[in-house]
Amino acid sequence: MTRAVTPGSYDPVTNGHLDIVERAAKLFDEVVVAVMINKNKRTLFSVEERMDMLRDCTKQWPNVRIDSWHGLLVDYCRENDIQAIVKGLRAVSDYDYELQMAQMNHQLTGVDTLFMPTNPLYSYLASSLVKEVATYGGDVSSLLPPQVEQRLQQRLAETR
């Protein structure tokens, strides 16, 4: 069985994230969407909330599983017999950063990273940008699954 992981913070999950997950699900027997826990990163949603949103948004793909991890991604790969890391690339600036991580991960464990260019529809899309636009009342309905947009709007209303 070939397994891949698509790591990220997913705060919140966007249509761009889901595009990468769907495409990876067509290439691998199992894809794990790993919500990476970074104590230094301030998030709007808890790990459990992000995992719930991801479960809801990926239920149409039976070979996609949701998990979380705190620590080195390569350790997660080793413990779960995962052969590849799949990362979406939006721009050259993403490549510069991701290439260094991919090379380090390969050096540490031999796990390969596959870069998948994002759909041009989502090349500008980032969770942080979506949150900022939504905070100021901008329309983000085309950027998120409807159930995620609803949760985002509820959360922002709670924080006002």
With no hydrogens and no angle check, is any side-chain donor or acceptor of [X] less than 3.5 Å from a backbone partner on [Y]?
X      : Y      : result
Asn15  : Ser142 : yes
Ser46  : Glu49  : yes
His17  : Thr14  : yes
Asn119 : Leu121 : yes
Gln83  : Asp81  : yes
Glu22  : Asp19  : no
Thr109 : His106 : no
Asn105 : Val74  : no
Thr118 : Pro120 : no

Do Glu98 and Leu89 come close enough that some side-chain heavy atom pair is under 4.5 Å?
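Yes. Closest side-chain heavy atoms under 4.5 Å.
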
Could you check whether Arg3 pairs with Asp29 (Lys NZ or Arg NE/NH1/NH2 to Asp/Glu carboxylate O, under 4.0 Å)?
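Looking at Asp29 together with Arg3, the answer is no, because their closest N to O distance does not fall below 4.0 Å.
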
Is it true that Arg50 and Asp52 make a salt bridge, defined as a side-chain N closer than 4.0 Å to a carboxylate O?
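Looking at Asp52 together with Arg50, the answer is no, because their closest N to O distance does not fall below 4.0 Å.
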
Asp56 and Gln147: side-chain donor and acceptor closer than 3.5 Å?
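Looking only at side-chain atoms, Gln147 and Asp56 do form a donor-acceptor pair, the distance falling under 3.5 Å.
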
For Asp11 and Ser9, which I'm curious about, is there any donor-acceptor pair between the side chains at under 3.5 Å?
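Absent: no donor and acceptor within the cut-off.
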
Has [X] got more than 12 heavy atoms of other residues, nucleotides or ligands less than 6.0 Å from its [atom1]?
X      : atom1 : result
Glu158 : CD    : yes
Tyr97  : OH    : no
Gln100 : CD    : no
Tyr95  : OH    : no
Glu132 : CD    : no

I need the Leu72 CG to Met36 CE distance, nearest 0.5 Å.
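Going from the CG atom of Leu72 to the CE atom of Met36 covers 8.0 Å.
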
For [X] and [Y], work out which heavy atoms get closest and say how close.
X     : Y      : value
Asn63 : Phe28  : ND2-O, 3.0 Å
Arg90 : Ser123 : CB-O, 3.2 Å
Leu44 : Lys131 : CD2-CD, 3.9 Å

Verify side-chain contact (heavy atoms from CB on, under 4.5 Å) between Ile85 and Asp112, making sure each step is shown before the conclusion.
CA-CA 6 Å; Ile85 299 166; Asp112 283 316; over 6 Å; no

In terms of hydrophobic clusters joined by side-chain contacts under 4.5 Å, are [X] and [Y] together?
X      : Y      : result
Tyr76  : Val64  : no
Ile66  : Ile37  : yes
Val33  : Trp69  : no
Leu73  : Val31  : no
Val133 : Val130 : yes

